[in-house]
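We name chains A, B, ... by the order of the sequence lines, and we start the count at 1 in each one.
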Protein chains: 2
Amino acid sequence: MAATIKDIKDMTGLSLATISKYLNGGNLLPENREKIEKAIEELHYEVNEMARGLVTSQSKVIGVVVFNIANVFTCTLLRFLGERFREAGYASMICDSQNDEQVEADNIRFLMGKKVDGLIVIPVGRTPEFLEPALRADIPIVLLDRSLKGSGFDCVMVDNRTASYQAVEMLCSYGHRRIAIIGSESEFTGRERLEGCLQLLKKEKIDIPPEYLKLGLHSIEHGYRSMQELLQLEVPPTAVFMGNFEIILGAVMALNESAFQCPADISLIGFDDLIISNLSNPRLTLVVQPLQDLADRAADLLLRRLEEGRGAPRAEDGQQQVMENEELILPALIVEGDSIKRCSE
Amino acid sequence: MAATIKDIKDMTGLSLATISKYLNGGNLLPENREKIEKAIEELHYEVNEMARGLVTSQSKVIGVVVFNIANVFTCTLLRFLGERFREAGYASMICDSQNDEQVEADNIRFLMGKKVDGLIVIPVGRTPEFLEPALRADIPIVLLDRSLKGSGFDCVMVDNRTASYQAVEMLCSYGHRRIAIIGSESEFTGRERLEGCLQLLKKEKIDIPPEYLKLGLHSIEHGYRSMQELLQLEVPPTAVFMGNFEIILGAVMALNESAFQCPADISLIGFDDLIISNLSNPRLTLVVQPLQDLADRAADLLLRRLEEGRGAPRAEDGQQQVMENEELILPALIVEGDSIKRCSE
DNA sequence: TACACAGAGCGAAACGTTTCGCGCTCGCAA
DNA sequence: TTGCGAGCGCGAAACGTTTCGCTCTGTGTA
């Protein structure tokens with residue numbers, strides 16, 4: 001149905017090779033160039049990427065496997081990644097692992113069948129076995145936001161540990177000692193952030209009683225319930241660290257429905273992905289993740305690997321070049337608002 | 001690098017045709033079947049979908065073009081769509097139009113080059129020109145959540161008009177007459193919802209003063225600012241209709257920061273996509289959109305079209321079968337909470 | 001005038017599958 | 001014993017590109 005290069009051949013009288021040359025930016029006589037352009041216009045010709053891919057063995061598709069697509073963090077990254085890849089001539093094929101390692105493994109296999117040229121992965125679990133089919137296919141892989149055991153992978157992530165360390169440090173510097181944490185132990189970034197917090201608390205010799213440690217999912221629900229419970233304690237905390245965007249959302253809702261005021265009665269700091277900073281009143285003090293940067297760096301790294309792969313698979317001396325894996329750890333930024341008050345107790 | 005059918009041929013001594021038959025579920029001697037399975041296992045063979053696609057002229061990829069990927073509504077739909085398509089053996093290739101009609105048109109062209117088998121589109125604008133390349137390629141298209149001028153397209157959407165009509169009707173039935181609307185005129189669903197509201201207000205002979213009509217984007221920001229402004233009016237409304245999830249989020253934040261109480265001082269009803277219903281206190285009365293249903297119906301419709309296309313392109317009598325386009329309008333559900341109070345004024 | 005060389009076009013093979021139509025074998029019935 | 005048909009397997013063509021190496025033309029140089 002659709003026009004092919006052959007139709008253009010018939011229309012212009014030129015050979016397939018010449019037309020292909022045109023499509024790939026070669027030199028032709030202006031006269032022939034015009035003929036081809038006219039034919040393309042008239043026939044609405046579009047290159048069949050499947051045929052092209054078959055012979056070049058490049059699909060010009062990048063697989064993106066995310067731990068969970070239905071949240072703001074992921075979607076925002078997807079937007080930035082998609083833009084970047086498109087500019088470079090690649091499509092992205094997105095697969096949602098739904099927080100399930102089994103699904104994740106299926107996704108990788110699936111994408112291998114589709115012959116993707118490279119892979120961006122925000123992994124669900126902590127071990128890298130599921131990537132085996134991709135390693136075997138020898139395509140570049142960049143991990144995003146979370147790393148995997150054993151390393152050896154290219155990876156772009158946020159320095160969660162330092163950022164949460166500093167966040168809690170800030171609470172302490174305002175005199176707080178009764179500090180609660182709403183976070184997650186079941187997600188990679190949650191664990192990192194938790195460790196950062198605990199590390200500082202340890203250094204400051206502050207004990208955190210179990211009822212101040214609210215671990216669950218990175219969800220609105222967990223944030224909401226946890227904050228409710230914290231406020232109902234006999235001795236509620238004077239400050240709360242909130243582990244991600246959804247938790248903030250839930251926690252702030254719970255707080256607003258209570259009699260407590262921020263920052264008068266309780267101080268807040270949280271890990272954010274987005275715009276909430278502009279909104280709430282008082283403005284929240286936030287750890288802001290560099291989402292655009294995160295996505296851009298990951299995309300650039302992958303594109304560079306693809307370039308390298310095509311360019312020189314072997315070093316000049318004939319020896320196999322062993323590539324160093326690159327691990328980029330981006331700092332998060334603490335944006336001060338008015339949600340932390342000096343603690344007098 | 002990767003194993004091909006040819007390697008299996010060499011390993012088993014069988015012919016390409018036989019192996020292909022195996023891959024496509026044909027009958028073979030158990031003995032040969034075993035040989036092939038063993039070879040596949042050992043060589044880690046995976047079908048090269050590009051080669052397959054070239055000959056079957058099916059890419060087994062569905063293009064999904066969304067008006068804006070970075071929001072909860074879209075992401076949730078994407079999750080459901082993706083699941084459905086995967087089950088049916090299709091991958092989805094997602095393109096974000098970023099609310100820009102130019103980008104949207106590019107997306108369609110791009111996907112045509114990728115030879116997608118079908119298209120799900122949540123369109124940005126109101127006119128269908130941008131779909132022309134897809135129409136020319138004669139692949140099935142299903143519009144989701146928003147329709148286009150001139151129709152003739154398959155389409156699955158929510159009955160926004162009736163739902164918002166009923167929502168405001170409910171406010172009225174509680175005695176409210178000073179009703180404000182926070183919504184959008186720049187988005188298709190926003191317009192539909194607005195019309196539903198206005199229709200009921202007209203029927204009830206209720207005037208809506210301009211300062212009660214807050215039109216902007218479907219964003220947290222717009223919700224937040226609008227609610228702030230409403231509450232600062234000399235004569236604030238006694239009830240507010242909120243046009244979507246993000247608007248609710250912002251509006252509720254603003255409300256919680258104010259001295260106003262819901263439902264004592266102000267009643268609320270809003271269009272939701274998600275879980276907020278379970279959380280806020282008092283529980284919001286909500287118009288809940290059937291997201292799963294929306295996605296499933298759209299996916300099923302598209303898959304059916306793909307089936308039809310392959311099965312019988314022509315009717316038995318040899319005449320071209322003109323397919324009726326299908327327009328599914330799903331009802332939204334009003335879930336009662338405690339956010340509406342009888343109005344005594 | 002002869003020669004070399006650059007630039008442009010061409011034919012054919014290759015990429016990894018599917019599919020069509022033919023031929024072989026085997027078992028069963030007459 | 002012969003004949004027949006079902007069930008498997010096979011060879012070859014086809015899908016729409018790219019690419020390699022060849023030929024041809026025309027220009028500039030010795």
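As rounded to whole Å, 13 Å separates atom P of D:dG11 from atom NZ of B:K6. Regarding A:K60, its NZ atom lies at a distance of 17 Å from the P atom of D:dT17, rounded to whole Å. Between B:E31 atom CD and D:dG7 atom C1' the separation is 15 Å, expressed in whole Å. A straight line from CG of B:L43 to P of C:dG16 spans 14 Å, rounded to a whole angstrom. Atom-to-atom, CE of A:M50 to C1' of C:dA14 comes out at 18 Å; the value is rounded to the nearest Å. When rounded to the nearest whole Å, the span between CE of B:M112 and C1' of D:dG16 equals 18 Å. For A:L29 and D:dC24, the CG to C1' distance is 13 Å, given to the nearest whole Å. Regarding A:D7, its CG atom lies at a distance of 13 Å from the C1' atom of D:dT17, rounded to whole Å.
With hydrogens and angles ignored, the 3.5 Å screen pairs no side-chain donor or acceptor of B:S20 with any backbone N or O of B:L16.
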Verdict with reasoning, B:R146 to B:E187, per salt bridge (charged side-chain N to carboxylate O under 4.0 Å, His left out): CA-CA 9 Å; B:R146 307 160 169 213; B:E187 306 194 36; 3.2 Å; yes
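A cation-pi arrangement is present between B:R86 and A:F110, with the terminal nitrogen or guanidinium carbon under 6.0 Å from the aromatic centre and inside a 45° cone about the axis.
For residues 14-34 of chain A, no pair satisfies salt bridge (Lys or Arg N to Asp or Glu O under 4.0 Å), with sequence neighbours left out.
Listed pair A:T4 / D:dG16 fails the phosphate criterion, with no side-chain N or O lying under 4.0 Å from OP1 or OP2. At C:dA8, one or more side-chain N or O atoms of A:N27 fall inside 4.0 Å of OP1 or OP2 (strictly under the cut-off).
Map B:L54 and A:L14 each onto its nearest nucleotide of DNA chain C; the residue landing nearer the 5' end is A:L14.
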Nucleotide N/O of nucleotides 18-22 of chain D paired with protein N/O under 3.5 Å:
unit_1: D:dT18; atom_1: OP1; unit_2: A:N24; atom_2: ND2; d: 3.1
unit_1: D:dT18; atom_1: OP1; unit_2: A:R52; atom_2: NE; d: 2.8
unit_1: D:dT18; atom_1: OP1; unit_2: A:R52; atom_2: NH2; d: 3.0
unit_1: D:dT18; atom_1: OP2; unit_2: A:S20; atom_2: OG; d: 2.7

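No side-chain heavy atom of B:F188 sits less than 4.5 Å from a side-chain heavy atom of B:V124.
Applying the salt bridge (Lys or Arg N to Asp or Glu O under 4.0 Å) criterion to A:D300, with sequence neighbours excluded, gives A:R84.
A donor-acceptor pair shorter than 3.5 Å cannot be found between the side chains of A:T56 and A:Q58.
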